[in-house]
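For the single chain, residues carry numbers from 1 onward in sequence order.
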Amino acid sequence: MSSEQTFIAIKPDGVQRGLVGPIVSRFESRGFKLAAIKLISPPRELLEKHYADLADKPFFPGLVTYMLSGPIVAMVWEGRDAVKTGRTILGATNPLASAPGTIRGDYAIDVGRNVCHGSDSVENAKKEIALWFKEGEVINYKHSQFDWIYEKA
């Protein structure tokens with residue numbers, strides 16, 4: 001089976017609103033395997049590296065300041081098409097364009113308070129995971145439900 005990992009972060013608004021459990025539950029219910037999770041108050045340098053592609057945008061300073069405003073839950077989820085499916089579970093970046101049933105469609109209104117971040121490509125997922133997690137923090141194991149989620153090839 002072709003498996004990949006994705007980086008999902010619950011932003012300060014999601015943590016403060018008590019949405020960690022429901023968000024984790026959505027990924028678990030879908031059948032993805034949790035490979036790493038931690039509650040972190042990231043330093044400015046980490047956030048500036050994470051959002052480096054947005055550094056020239058006018059909203060960048062406010063984004064970094066906001067992401068420093070409270071703890072973040074950083075996670076690694078694993079499974080078939082985890083990046084693409086993870087983005088689908090999250091919904092559109094702008095919550096008003098997100099379908100009901102998605103995390104952002106159900107829990108957010110403003111784009112600046114859209115509850116979660118999700119990797120947008122397998123390449124970026126690898127970079128983000130390496131940025132947020134040290135070696136040994138992402139656990140490799142066989143999910144006990146694996147055979148109930150995936151068909152054998």
CG of N114 to CZ of R104: how many Å apart, nearest 0.5 Å? 4.0 Å
Lys/Arg-Asp/Glu bridge criterion (N-O < 4.0 Å) met for R87, D81: no
side-chain contact (heavy atoms from CB on, under 4.5 Å) between R26 and L90, worked out: CA-CA 9 Å; R26 300 250 184 138; L90 293 181; over 6 Å; no
Members sharing L96's hydrophobic cluster (side chains within less than 4.5 Å): I109
Is there a continuous path of hydrophobic side-chain contacts, each under 4.5 Å between heavy atoms, that joins V15 to L34? yes
Straight-line distance of L39 CG to I10 CD1, nearest 0.5 Å: 9.5 Å
Would you please classify the geometry between the Y51 ring and the H117 ring as parallel, tilted or perpendicular, with 30° and 60° separating the classes? perpendicular
Is any side-chain heavy atom of I89 closer than 4.5 Å to one of F27? yes
Got a second to check how far I103's CD1 is from C116's SG, nearest 0.5 Å? 5.0 Å
Are L19 and I8 grouped together when hydrophobic residues (ILVMFWY) are joined by side-chain heavy atoms under 4.5 angstrom apart? yes
Taking atom types as modelled, find out whether D13 and Y66 have a side-chain donor-acceptor pair closer than 3.5 angstrom. yes
Does a side-chain N-to-carboxylate-O contact under 4.0 Å join D53 and K127? no
Quick check on the hydrophobic clustering: are M67 and V73 connected, directly or via other members, by side-chain heavy-atom contacts under 4.5 Å? no
Can any side-chain N or O of Y150 pair as donor or acceptor with the backbone N or O of R80 at less than 3.5 Å? yes
Under 3.5 Å: donor-acceptor pair, side chain of N94, backbone of V111: no
Would F60 and L131 show up in the same hydrophobic cluster when neighbours are defined by side-chain heavy atoms closer than 4.5 Å? yes
Yes or no on side-chain contact (heavy atoms from CB on, under 4.5 Å) for L47 and L68, after CA distance, side-chain angles and deciding distance? CA-CA 8 Å; L47 293 169; L68 288 167; 3.5 Å; yes
State yes or no: do V20 and I40 share one hydrophobic cluster built from I, L, V, M, F, W and Y residues joined by side-chain heavy-atom distances below 4.5 Å, directly or via other members? no
Got a donor-acceptor contact below 3.5 angstrom from the D106 side chain to the G101 backbone? yes
N/O donor-acceptor pair under 3.5 Å between T88 side chain and K84 backbone: yes
N/O donor-acceptor pair under 3.5 Å between R113 side chain and K11 backbone: no
Enter the distance from Q5:CD to F133:CZ here, rounded to the nearest 0.5 Å. 10.0 Å
Side chain S119, main chain T6, donor-acceptor under 3.5 Å: no
Return yes when atom NZ of K57 has more than 12 non-hydrogen atoms of other residues, nucleotides or ligands closer than 6.0 Å, and no otherwise. no
Any donor-acceptor N/O pair, R44 side chain to V64 backbone, under 3.5 Å: no
Identify the heavy atoms of G91 and S98 that sit nearest to each other, and give their distance. C-OG, 3.6 Å
Heavy atoms, side chains only, cut-off 4.5 Å: are F32 and H143 in contact? no
Nearest heavy-atom approach of G136 to I139 is O-CD1, 3.7 Å
Testing the basics here: between G70 and P12, what is the closest heavy-atom pair and its distance to 0.1 Å? O-CG, 3.6 Å
Axial cation check for Y141 ring with K33, 6.0 Å and 45° limits: yes
Report yes if some heavy atom in the side chain of V115 is under 4.5 Å from a heavy atom in the side chain of R17; otherwise report no. yes
Could you tell me the separation between the CZ atom of F7 and the CG atom of D120, rounded to the nearest 0.5 Å? 12.5 Å
For T85, does its backbone N or O pair with a side-chain atom of R30 as donor and acceptor, under 3.5 Å? no
Does E4 reach the main-chain N or O of V83 with its side chain, forming a donor-acceptor pair under 3.5 Å? yes
Can you check whether G21's main-chain N or O pairs, donor with acceptor, with S25's side chain at less than 3.5 Å? no
Worked check of side-chain contact (heavy atoms from CB on, under 4.5 Å) between V24 and W77: CA-CA 10 Å; V24 168; W77 289 94; 4.0 Å; yes
